[in-house]
Structures are given as structure tokens and as C-alpha cells.
Amino acid sequence: MALAIAVAGRSCRVEPPGPEVTVHDMLHAASTGDRDTVYELLAPATRARLEAEAHHATDLVGATTRYSAKDLISIGASEGVAAPTDITVLEQRGDRATVQVVGPAGRSLVQLVRVKGHWLVELPSYGRSL
């Protein structure tokens with residue numbers, strides 16, 4: 001009886017979502033224009049770069065307009081854009097992961113970091129001035 005309870009308890013354990021779920025959620029949020037969710041799914045380093053760029057943009061316009069990090073998130077139209085055909089974790093080591101997104105337009109790699117148990121998208125060049 002105790003063995004049955006122990007086995008049943010293990011099978012009911014809920015695993016936290018993997019990095020591929022975060023990538024899927026990010027793509028869905030971007031396709032629906034949900035800038036708030038896109039921002040929430042970004043890793044702290046990416047958010048920090050966007051915050052710095054927002055402050056810089058505000059300084060450039062003489063503070064007549066105040067920009068936030070979310071204002072700098074650019075979401076393009078997704079009409080006519082085919083959904084990915086595959087989202088796969090290629091590598092996961094500790095709190096870092098690489099996910100491959102495959103679609104009609106080709107393949108892309110997405111880097112993620114786990115922060116407080118949640119996978120977040122790290123965009124190393126996003127939010128950097130050119």
C-alpha cells in the first residue's frame with residue numbers, strides 16, 4: 001500500500017514548464033501584440049538594457065516625452081506569417097538553455113535563462129544602440 005501511494009505521488013508531480021514553453025508563449029504574445037507579456041518574458045539583463053535605452057531616448061527628446069522600456073519593444077504585424085513548425089530545446093545546462101525555432105522562413109536559436117524557477121528569453125543585442 002505504501003509503495004502504491006509513493007508511486008502515485010510521483011506520477012502526480014507537476015514539472016515546471018520548460019524553456020520551449022516560454023518561447024512558445026513569447027511568440028504567441030508577440031503575434032497578438034501583447035507588449036506587456038513580451039516584456040514579462042524577457043530576462044533581467046534584456047530588461048535592464050531596454051530601461052537604459054528608454055532613459056537615453058527620453059534624454060534625447062529633452063524629456064518632452066518620457067519613454068519606458070515597453071515603449072521600445074517593437075512588435076511587427078504577424079498577419080500572413082506562418083507559425084513555427086517546431087520548437088525544440090537543443091541544450092539545457094543549469095539555468096541556461098538554447099531553443100531552436102523552425103518555421104517556413106528558416107531556423108532561429110533563442111537563448112533563455114532561468115530566474116527564480118521561470119524561464120525567460122535573453123536577447124543579447126536587443127535594446128543596444130547601433
Side-chain angles (χ1 to χ4, degrees):
M1 182 69 91
L3 179 59
I5 292 171
V7 171
R10 286 186 193 194
S11 66
C12 294
R13 184 173 49 147
V14 176
E15 292 289 325
E20 72 282 4
V21 174
T22 298
V23 171
H24 177 271
D25 292 348
M26 174 70 82
L27 292 171
H28 177 73
S31 71
T32 60
D34 185 351
R35 190 173 270 118
D36 291 331
T37 298
V38 168
Y39 184 78
E40 292 303 316
L41 293 173
L42 293 174
T46 301
R47 289 185 200 178
R49 285 192 304 277
L50 286 172
E51 288 290 337
E53 290 297 320
H55 288 258
H56 181 66
T58 298
D59 290 344
L60 287 176
V61 296
T64 57
T65 302
R66 299 193 94 36
Y67 291 100
S68 73
K70 289 180 187 178
D71 292 329
L72 301 184
I73 295 174
S74 176
I75 301 175
S78 62
E79 292 177 22
V81 176
T85 55
D86 188 44
I87 300 174
T88 306
V89 177
L90 291 182
E91 182 177 34
Q92 184 175 334
R93 290 188 183 179
D95 290 335
R96 296 203 157 281
T98 301
V99 172
Q100 178 177 256
V101 179
V102 178
R107 300 171 188 269
S108 297
L109 296 179
V110 180
Q111 303 299 315
L112 293 97
V113 294
R114 186 169 30 205
V115 178
K116 297 180 183 177
H118 299 283
W119 287 102
L120 300 171
V121 176
E122 178 62 74
L123 302 172
S125 60
Y126 199 70
R128 289 195 179 154
S129 296
L130 300 175

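FYI, side chains are in, hydrogens and waters are out, and symmetry mates aren't considered; it's all heavy atoms of this structure. Along the sequence shown, residues are numbered consecutively beginning with 1.
- Evaluation of the side chain to side chain donor-acceptor pair (under 3.5 Å) test over residues 99-115, restricted to residues two or more places apart or in two chains, returns Asp95-Arg114, Thr98-Gln111.
- A heavy-atom distance below 4.5 Å is found between the side chains of Val121 and Val110.
- Between Met26 atom CE and Leu123 atom CG the span is 6.0 Å, to the nearest 0.5 Å.
- Expressed to the nearest 0.5 Å, how far CG of Leu50 lies from OH of Tyr67 amounts to 14.5 Å.
- The CD1 atom of Ile87 lies 5.5 Å from the NE2 atom of His24; values are rounded to the nearest 0.5 Å.
- One finds the CG atom of Leu42 at 10.5 Å from the NZ atom of Lys70 (value rounded to the nearest 0.5 Å).
- Counting heavy atoms from C-beta outward, Pro44 and Val115 have side chains that approach closer than 4.5 Å.
- With contacts defined as side-chain heavy-atom distances shorter than 4.5 Å, the pair Leu90/Val99 does not qualify.
- Val89 and Leu41 fall within the same hydrophobic cluster, defined by Ile, Leu, Val, Met, Phe, Trp and Tyr side-chain heavy atoms under 4.5 Å apart, directly or through other members.
- Under the rule for a side-chain contact (heavy atoms from CB on, under 4.5 Å), Ala52 has no partner lying at least two apart in sequence or in another chain.
- The pair Arg49-Glu122 meets the salt-bridge criterion, with a side-chain N (NZ, NE, NH1 or NH2) lying under 4.0 Å from an Asp/Glu carboxylate O.
- Annotation: side chain of Ile73 is in contact with side chain of Tyr39 (closest heavy-atom distance under 4.5 Å).
- Interatomic distance, Arg96 CZ to Gln92 CD, rounded to the nearest 0.5 Å: 12.5 Å.
- Considering every non-hydrogen atom in both Pro19 and Ala97, the closest pair reads CG-CB, 3.7 Å.
- Residues Thr65 and Thr58 are not in side-chain contact: their nearest non-hydrogen atoms beyond the backbone lie 4.5 Å or more apart.
- At least one side-chain heavy atom of Val23 sits under 4.5 Å from a side-chain heavy atom of Leu112.
- Scanning both residues, Ala83 and Pro104, for their nearest heavy atoms gives O-CD, 3.9 Å.
- For the residue pair Leu120 and Glu40, the shortest heavy atom distance occurs at CD2-O, 3.5 Å.
- Distance OG/Ser68 to CZ/Arg35: 8.5 Å, rounded to 0.5 Å.
- Side-chain contact annotation: Thr32 with Asp34, donor-acceptor N/O pair under 3.5 Å absent.
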